[in-house]
Amino acid sequence: MNEGPILAAEAITVRYGSTAACSDVTFSVARGSVYALLGRNGAGKSTLVRCLLGQQKPARGRGLLFGEDAWRRRARLMDRVGVVPEEPDAPPAMTPAQIADFCRRIYSTWNAGEFAKRLDRFGIPPRVPFGRLSKGQKGGVLLALALASAPDLLVLDDPTLGLDVVARRALYDELVGELADRGTTVLVTTHDLAGIEGIATRVAILKEGRLILDEEMETLKARFRRIRYGNQMTDTRTAYGTELDPFDAVRVKVRGWGVDAVVANYDDASFDRFQRTDGVVDAEASAMSLEEIFLSVAGEEKGAGS
Amino acid sequence: MRALRVDPAEAVPIWSQIEEGLRRLVASGALAAGQAVPSVRDLARDLSVNPATVAKAYQRLCEAGVLSVRRGEGTYVSDAPPAMGRGERSRILRQGAARYATLAATAGAGVEEASSELSTAFADLEGKRPPGGKS
Amino acid sequence: MKGLFAVAWREIVERRMVLLAAALLGLLVFLVPLFPGAARYGASQARLFTAGFSAATFCAFVAFLLGGSTIGRDLTERRLGFYFSRPIAEGAIWGGKFLGIWVLVAASALALVLPVGLADFASWWPAAGAWRTAQIALLFAAAVLFALALGSVVGASLRERSVWTLADLAMLGLLALGLAAILFPLFQADAPALTTRVAGGLAVGISLSLLLASFAQVAVGRVDQRRGTRARFAVLWGVLVLVAVGCLGSVRWLVSPVPEDLTSASVRDITPRGNWIVLRGRARHRVDLTASFFYDVASGHFVRPPLRGNGGMVLSEDGSTGAWSESCALDGSRQCAIWVCRLEGHGSRPRRLPLEASISDLRLSQQGRRLAVAGPDTISVFDVSSGGLLAGTASESEQGKVLRFAFVSEDVLRLYRFGPRFGPPVEADSESSRAGTLAIEDLHVVERSVTRASRIEGLGWPFSVGFDDRHGRVVVWEKEGSVALFDASSGARIANLGQRSWDEVSRAFLFDGRLVLAETTGGAGRLQLFRQDGTLAQVFELGPAGFVQIGGEPQPGVLALSISRNPKEVWAAADSFLLDLRSGSLAKVAAHASPVAARLRWRLPYIEPGSAAARLFARPDGTLLLWDPKDSSLRVIPPLS
């Protein structure tokens with residue numbers, strides 16, 4: 001068994017004319033992990049995914065699947081990868097049953113029964129042409145296709161885009177079920193941060209084509225906090241603004257009632273000391289959701305330069 | 001498992017939330033000794049979290065003796081779930097107390113009001129516990 | 001392979017309507033005989049023709065459109081992402097789509113022609129046969145593939161609507177011009193079978209470039225449209241440029257054969273002395289291309305005029321100059337241009353004379369300074385260095401029609417007018433018709449005047465003439481058999497040489513002016529040698545002979561003859577012999593060959609002993625043999641490699 005990462009990006013750079021869609025992006029996805037690739041619209045996620053799947057050749061660098069160059073060995077490697085693209089791209093004239101039959105011929109392992117059961121579960125009619133299905137149904141067909149080939153890697157490019165709450169939940173249910181049954185490695189790009197928060201094991205954030213964060217979910221959550229406190233004038237307190245230094249403040253807002261700061265290097269001991277600092281009153285540290293962390297890291301700065 | 005809730009936005013890791021939640025359910029008697037707990041797969045789907053997280057929580061509870069696995073049948077609450085160690089109990093209480101104190105202070109309550117609410121909550125919990133449970 | 005066939009099958013299933021439409025058309029064809037115009041052709045012919053024609057146009061149209069939509073649209077509208085996410089190789093994706101639509105179009109063609117083909121089987125099968133049907137089917141399949149490839153590239157380019165489309169058009173223009181320039185010599189060479197083959201090769205090359213370009217777009221571009229477009233452009237025009245270069249190389253090679261490449265040759269003109277000849281024949285590997293050369297048999301040196309039409313080629317007497325006419329108007333009005341070049345050394349650059357004329361015959365003066373051109377109405381003499389017209393005269397006049405002309409000096413052209421003017425008299429075979437005339441005129445180039453040298457009258461019609469321009473003599477014999485020797489300057493009869501039968505006599509003047517007559521009677525051949533004054537000097541018995549032709553003198557005092565067994569087959573069944581005029585001995589020199597001089601004597605003013613003209617023999621299969629007097633050996637020329 002291959003010890004290395006299931007999927008890796010090596011200094012991938014993609015240019016469209018003079019703008020760089022991806023700049024020197026390097027990361028790897030370990031076996032069994034659920035890797036969430038986050039970024040704003042136009043940050044370069046889909047381009048990166050296409051390079052990793054051997055569908056697009058980067059200007060520099062390469063994507064590796066199971067240790068092999070994705071561009072050169074794409075056809076062979078796709079046998080072990082299940083792909084659910086952002087835009088459902090199956091031929092519109094084919095029915096799900098025909099698509100399954102087509103896939104049965106080309107994949108080395110194919111679970112026709114599983115595919116049929118999933119379609120049934122999603123409530124998708126197998127003999128209606130793909131083009132006439134709803135967006136949610138199309139996504140369901142593609143997910144079922146991706147899972148029926150028993151892939152070692154699952155790549156989902158914004159799978160919940162345009163889905164209603166029920167469909168989204170169904171998708172996550174399927175995903176978790178698949179993780180529980182087979183321990184598939186997953187790379188997912190998404191805007192539904194709340195939904196992926198519980199499932200992802202590692203997070204990466206892409207901003208304007210650059211990878212600005214690549215970290216385990218637990219450690220990320222552990223070190224980001226929102227600290228709110230008030231500053232009071234005392235005899236001994238002379239300096240203001242330096243009290244947050246040990247915490248690596250990312251964003252600081254000074255309000256009438258006090259300071260509202262997002263810090264990236266929180267730990268309990270330091271916070272204890274902080275609370276007892278002269279002039280610091282009502283200090284309170286609260287955990288942040290993934291969405292809040294994302295906003296502070298990848299959002300636009302208002303006013304002050306970054 | 002309606003009583004078990006996890007909030008990914010909390011400071012406490014999810015596996016820890018699950019572990020604590022189950023401990024609480026066992027301690028309160030909502031989960032009786034010998035009762036089956038949901039499989040890793042089912043609980044993960046219910047909570048929409050990574051099964052590995054659930055598995056980790058179950059693993060720790062098994063090591064602590066709270067849960068036990070029966071081959072081929074699933075995971076069950078141990079017949080005699082161990083009592084919590086004194087040190088551990090103190091730690092948990094202290095952590096919870098600190099959170100509660102902060103919460104009360106933010107709400108603008110004093111220690112007397114907070115303590116009286118605490119007593120009421122304990123009384124309610126007593127009332128709900130089926131006979132034969134631990135004190 | 002599984003991927004390839006799976007993709008191909010999907011293409012066919014998705015477009016099964018095409019097959020249905022074709023099948024429907026195939027049945028509709030049965031209604032054609034009901035149309036008013038069809039009655040002319042007969043029911044079966046009308047149906048077959050309609051079916052065939054419909055199949056061809058339907059398939060060409062459909063193939064082009066399908067090519068455009070299958071690869072062209074799929075790429076530009078990003079429909080291939082689905083396939084790229086599956087374990088199917090790029091080659092299988094592209095190849096499967098192409099295979100699918102190829103099979104679909106081929107099947108449609110079959111569906112169109114099969115009903116009628118089976119119904120009228122008896123009327124076309126015997127004529128065509130299995131082999132020809134298979135050939136047509138293969139050719140059709142190739143044409144469909146070409147249409148598909150073309151459609152895919154054109155479709156992709158047009159749908160892109162980017163600057164690359166304009167670049168494609170620009171390159172197309174350049175390539176079209178380039179190919180026209182490359183192929184032009186081939187068209188000028190007037191070799192349709194060869195041109196067809198080259199065109200076929202070119203079609204294959206173009207198909208290859210289209211297919212490779214389409215594949216490159218899929219394999220290199222994948223889902224990146226811009227990259228795919230660049231790859232398509234680069235591969236398409238890169239390969240096409242290579243094809244054009246290859247075409248250029250092969251066309252240049254094709255139109256530049258050397259004499260050694262000739263598989264069979266005939267001699268068109270020859271210098272009466274020296275070693276230059278005009279060779280023409282088919283060349284190895286060049287199908288129906290005819291190549292012509294000015295060739296020096298002694299050294300093997302040659303000058304090849306550019307192949308442009310089958311104009312006449314002539315040599316000057318001293319072998320210094322060659323001239324030829326070419327067809328320069330493509331409408332075949334026989335307006336020709338005339339080129340001249342010097343032959344010594346490496347041959348000078350051919351010079352085009354600034355004149356165009358309709359040419360039926362061409363003649364150079366002895367030293368190549370004057371050129372006589374026979375047109376439909378006139379015979380004109382031009383100056384070679386300036387191309388200016390020096391003098392001319394009507395080719396038909398009261399005296400008769402000029403059938404032969406020759407330079408007696410650089411400034412005098414002798415014309416032989418055969419009369420009467422309006423052709424043979426009505427009572428052609430009557431003994432009393434003696435209306436034939438031979439008028440000999442001299443055209444003085446410098447003075448621009450025509451003087452009549454002589455007129456011979458009272459000749460029985462028809463009559464034939466042998467010429468000795470060097471000594472100013474002619475020998476005439478008439479149909480009823482009277483042979484007579486005349487002086488060309490005065491027209492006086494020098495001697496009567498007796499009655500001979502028309503079909504069994506051939507005559508020739510030797511270099512020194514003596515006349516030789518060869519005849520066969522009763523299956524035996526006989527040669528008579530007359531002195532300059534017309535008196536009989538010697539008679540030689542030739543043994544069994546059907547017909548005798550007289551060549552030149554390979555050595556002074558030796559005469560080359562061809563003797564054929566069968567009087568009817570003059571050339572094919574002849575063997576060549578050498579007759580020693582002093583000793584009378586007859587030796588066979590070449591089997592199945594005849595002296596070249598025998599055929600060209602009409603054109604030549606004389607044949608010098610020992611010249612190439614005298615020593616060349618030709619076989620019916622186009623082999624030329626040169627006799628070497630030193631060792632009496634025969635050498636094949638040009639030496640075939």
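Keep in mind the model is a prediction, meaning the values are calculated, not measured. Here is the naming used below: chain letters follow the sequence lines, and residue numbers restart at 1 for every chain.
Here A:Asp181 is the residue among A:Ile293, A:Asp181, A:Ile196 with the most heavy-atom pairs under 4.5 Å with chain B. For the options A:Gly177, A:Gly32, A:Gly183, A:Ala285, heavy-atom pairs under 4.5 Å to chain B are most numerous at A:Gly177. Top candidate by heavy-atom pairs under 4.5 Å with chain B, chosen from A:Val176, A:Leu179, A:Leu290, A:Thr201, is A:Val176.
Atom CZ of A:Arg40 sits in a sparse spot, with 12 or fewer heavy atoms from other residues, nucleotides or ligands closer than 6.0 Å. Residue A:Asp260 places its CG atom among more than 12 non-hydrogen atoms of other residues, nucleotides or ligands, all under 6.0 Å distant. Within 6.0 Å of the NZ atom in A:Lys135, the count of heavy atoms belonging to other residues, nucleotides or ligands exceeds 12.
The shortest heavy-atom contact between B:Ala11 and A:Ala287 is N-CB, 3.1 Å.
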#### Entry: Pair A:Glu218-B:Trp15, side chain to side chain contact (heavy atoms under 4.5 Å, CB included): steps then yes or no
CA-CA 10 Å; A:Glu218 265 197 50; B:Trp15 58 265; 3.1 Å; yes
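A donor-acceptor contact under 3.5 angstrom links the side chains of A:Glu284 and B:Thr106, judged on distance only.
With a 4.5 Å cut-off on side-chain heavy atoms, A:Lys221 and B:Pro8 count as touching.
Atom CE of residue A:Met217 and atom CG of residue B:Asn50 lie 9.5 Å apart, to the nearest 0.5 angstrom.
Across A:Arg168, A:Arg169, A:Glu197, a single residue satisfies side-chain contact (heavy atoms from CB on, under 4.5 Å) together with B:Ser48, and that is A:Arg169.
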